[in-house]
There are 2 protein chains.
Amino acid sequence: MPRRTGYGQFCPVAKASEVIAERWTPLVLREMITGCNRFNDIHRGVPLMSKSLLSKRLRELEHAGIIVRKEIPGESVNGYFLTESGEALRPIIIAIGEWGQRYVRSNFEHQDLDPSLLMWDIRRLIQIRHLPAEQVVIEFEFTDQTDAQRRWWLLKEAGAGEIELCLHDPGYEIDLRVEADLESMTRVWMGEMDVSIALRSGAVKLHGSRALRLSFQDWIGLSIFAHVEAPLSVS
Amino acid sequence: MPRRTGYGQFCPVAKASEVIAERWTPLVLREMITGCNRFNDIHRGVPLMSKSLLSKRLRELEHAGIIVRKEIPGESVNGYFLTESGEALRPIIIAIGEWGQRYVRSNFEHQDLDPSLLMWDIRRLIQIRHLPAEQVVIEFEFTDQTDAQRRWWLLKEAGAGEIELCLHDPGYEIDLRVEADLESMTRVWMGEMDVSIALRSGAVKLHGSRALRLSFQDWIGLSIFAHVEAPLSVS
DNA sequence: CAGTATCCGATGCGATACTG
DNA sequence: CAGTATCGCATCGGATACTG
């Protein structure tokens with residue numbers, strides 16, 4: 001009888017794991033914790049997960065009382081929201097990420113690098129207050145990627161509070177071009193490579209607006225795990 | 001391509017989940033964190049897991065640098081030990097258990113009750129310092145169980161620092177007999193039912209040594225999650 | 001956009017048997 | 001006790017197509 005779904009134990013670790021340690025579920029929770037509420041937004045964070053499975057997982061989380069599905073205020077579509085129980089998972093997911101950042105070697109395996117995930121992450125954490133108030137267009141070019149994966153645009157409309165990620169050239173004048181290979185940009189984002197070192201070594205190059213170049217370190221948000229230090233022990 | 005093992009993401013939550021959110025793995029970690037080092041001891045905590053899978057998971061954890069396999073000091077068998085990385089998971093596993101205790105309804109589903117797991121847990125947390133120094137034999141009888149699952153014995157030899165769990169009558173004189181249905185005893189163990197209430201209501205009955213009866217509350221350890229309070233909100 | 005229904009192939013994992 | 005090797009199938013989950 002393979003996989004009876006459930007561990008058959010009353011232990012709270014087991015009962016909790018039945019819900020939150022299912023495949024993909026920690027990542028779905030991560031997306032919700034970082035503020036995604038709509039189905040397709042969540043799915044952008046886990047693009048390799050099939051939509052049917054995401055749908056199933058969301059139903060399971062709802063059944064477990066971790067999320068509720070309700071109409072998004074203002075819009076007439078419905079979304080998913082963490083309950084108190086779900087909010088209580090925030091420190092756990094964060095702790096798992098910090099543990100991963102600190103102890104899991106084999107980050108940056110080639111197969112894990114993904115420009116779309118990286119750009120989607122960067123977009124979320126751009127520090128808008130450090131950008132000019134007027135419209136800003138920033139192009140990212142990953143020099144080792146081809147075609148569809150090579151160039152990306154972040155677009156902030158004048159006065160807007162959100163950044164848009166574009167897969168096609170929006171046509172406006174480019175204010176800044178960021179040029180790097182995917183691994184370097186990912187390492188910078190993850191805090192594995194210092195921004196200043198990346199710029200000085202040429203691993204990341206900036207072209208365009210002097211103001212945007214100088215403030216790069218300010219407006220480029222880093223991963224929320226970028227601050228995590230290596231373990232004390234030399235292993 | 002079902003289940004490529006791995007999420008294809010550089011995010012530390014994903015990299016961590018690839019290791020610690022695999023099926024059974026949180027429970028294996030729980031066993032190690034609670035002090036089990038030997039293969040069969042670990043397996044007693046996850047009896048529904050096949051030995052081949054446990055073996056596989058241990059290899060994966062070793063490969064991930066979470067445990068090391070080495071000879072147990074004093075004995076000439078080898079066991080498994082948490083590394084620094086593994087020790088760093090302790091607060092996470094504990095937090096998951098606390099979350100589960102607080103938020104997962106559907107504890108005490110009939111299918112999750114298991115006298116052998118319960119007794120194995122109780123054995124581990126018996127407060128020996130609250131037992132008489134001489135030999136002590138305590139019999140547990142689960143009144144709703146049959147045959148092989150009905151009676152269990154905890155045996156402390158005179159002066160011993162460990163308790164032995166017996167599935168067959170060790171033959172010595174019984175100092176105390178604890179009588180309860182499995183669910184009541186489990187609820188008491190999990191902190192869902194107060195010990196004094198259980199005794200007063202007759203859900204748990206004690207027969208035998210007056211000293212052992214009076215000190216029951218002291219020597220019976222409760223689950224490490226028994227202290228966790230319900231959420232503030234009424235849900 | 002926001003999902004659901006159906007299909008079916010790969011694989012995870014339990015069962016069993018075996019080794020030192 | 002402490003595992004490993006082999007086998008078989010149930011189920012997990014991706015692909016595809018479809019709906020409002």
Side-chain angles (χ1 to χ4, degrees), chain A residues 1-9 14 17-19 21-28 31-32 36-63 67-72 74-81 120 164-165 167, chain B residues 1-9 14 17-28 31-32 36-63 67-72 74-81 111 120 164-165 167:
Chain A
M1 116 200 81
R3 185 130 214 189
R4 262 217 338 277
T5 222
Y7 292 114
Q9 296 196 3
S17 299
E18 287 179 5
V19 187
E22 281 290 287
R23 183 159 169 84
W24 287 109
T25 302
L27 308 209
V28 172
E31 290 307 306
M32 304 221 43
C36 291
N37 299 110
R38 298 169 63 147
F39 188 88
N40 282 343
D41 284 348
I42 297 170
H43 192 240
R44 291 194 75 161
V46 284
L48 266 45
M49 181 184 196
S50 70
K51 290 203 300 173
S52 16
L53 184 53
L54 174 55
S55 173
K56 185 176 172 216
R57 286 287 183 270
L58 288 171
R59 263 179 278 129
E60 289 165 359
L61 288 172
E62 188 180 15
H63 180 75
I67 63 177
V68 286
R69 182 180 186 166
K70 65 180 179 199
E71 199 159 299
I72 297 181
E75 311 177 53
S76 62
V77 292
N78 55 9
Y80 303 87
F81 297 87
W120 185 239
E164 202 178 332
L165 173 62
L167 295 81
Chain B
M1 115 201 80
R3 187 133 214 189
R4 260 216 340 277
T5 219
Y7 292 114
Q9 297 196 4
S17 298
E18 286 178 7
V19 187
I20 67 174
E22 280 291 286
R23 183 160 167 84
W24 286 112
T25 302
L27 308 208
V28 172
E31 290 307 304
M32 303 221 45
C36 291
N37 298 111
R38 297 169 64 146
F39 188 88
N40 283 342
D41 284 348
I42 297 169
H43 193 240
R44 290 194 74 162
V46 284
L48 266 46
M49 181 185 197
S50 70
K51 290 202 300 173
S52 16
L53 184 54
L54 174 56
S55 173
K56 185 176 172 216
R57 287 286 183 271
L58 289 171
R59 262 179 278 129
E60 289 165 359
L61 288 172
E62 188 181 15
H63 180 75
I67 63 177
V68 285
R69 182 180 186 167
K70 65 180 181 199
E71 198 160 298
I72 296 181
E75 310 178 55
S76 62
V77 293
N78 55 10
Y80 303 88
F81 297 87
Q111 76 226 33
W120 184 238
E164 202 179 331
L165 173 62
L167 295 83

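Computed from a predicted structure; not experimentally measured.
- Residues B/Tyr80 and B/Leu58 meet the side-chain proximity criterion, which asks for heavy atoms closer than 4.5 Å.
- Rounded to a whole Å, the NZ atom of B/Lys56 is 15 Å from the P atom of D/dT6.
- The shortest distance between the side-chain N/O atoms of A/Arg38 and the OP1/OP2 oxygens of C/dC1 is not below 4.0 Å.
- Picking from C/dA2, C/dG14, D/dG3 the nucleotide with the shortest atom distance to the side chain of B/Ser50 gives C/dG14.
- Between A/Leu53 atom CG and C/dT6 atom P the separation is 17 Å, expressed in whole Å.
- As a whole-Å value, the separation of A/Lys51 NZ from D/dC18 C1' is 11 Å.
- Distances shown here put every side-chain N or O of B/Arg23 at or beyond 4.0 Å from the OP1 or OP2 atom of D/dC12.
- Salt-bridge annotation for A/Glu60 and A/Arg57: present, with a side-chain N of the basic residue lying under 4.0 Å from a carboxylate O of the acidic one.
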For B/Ile42 and B/Leu54: C-alpha separation, side-chain torsions, deciding distance, then whether side chain to side chain contact (heavy atoms under 4.5 Å, CB included) applies. CA-CA 9 Å; B/Ile42 297 169; B/Leu54 174 56; 4.0 Å; yes

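- Contact between the side-chain N/O atoms of A/Tyr7 and the OP1/OP2 oxygens of C/dC13 is not found at any separation under 4.0 Å.
- Residues B/Trp120 and B/Asp41 have side chains in contact (heavy-atom distance under 4.5 Å, counting atoms from C-beta outward).
- Judged by Watson-Crick or G-U wobble contacts below 3.5 Å, the nucleotide C/dG20 has D/dC1 as its partner.
- Atoms CD (A/Glu22) and C1' (D/dC12) sit 10 Å apart, rounded to a whole Å.
- Phosphate contact (OP1/OP2 of D/dG3, side-chain N/O of B/Arg69, threshold under 4.0 Å): present.
- Listed nucleotides D/dT16, C/dG14, D/dG13 differ in distance to A/Ser52; the shortest reach to its side chain belongs to D/dT16.
- In this structure, A/Glu75 places its CD atom 13 Å from C1' of C/dA2, rounding to the nearest Å.
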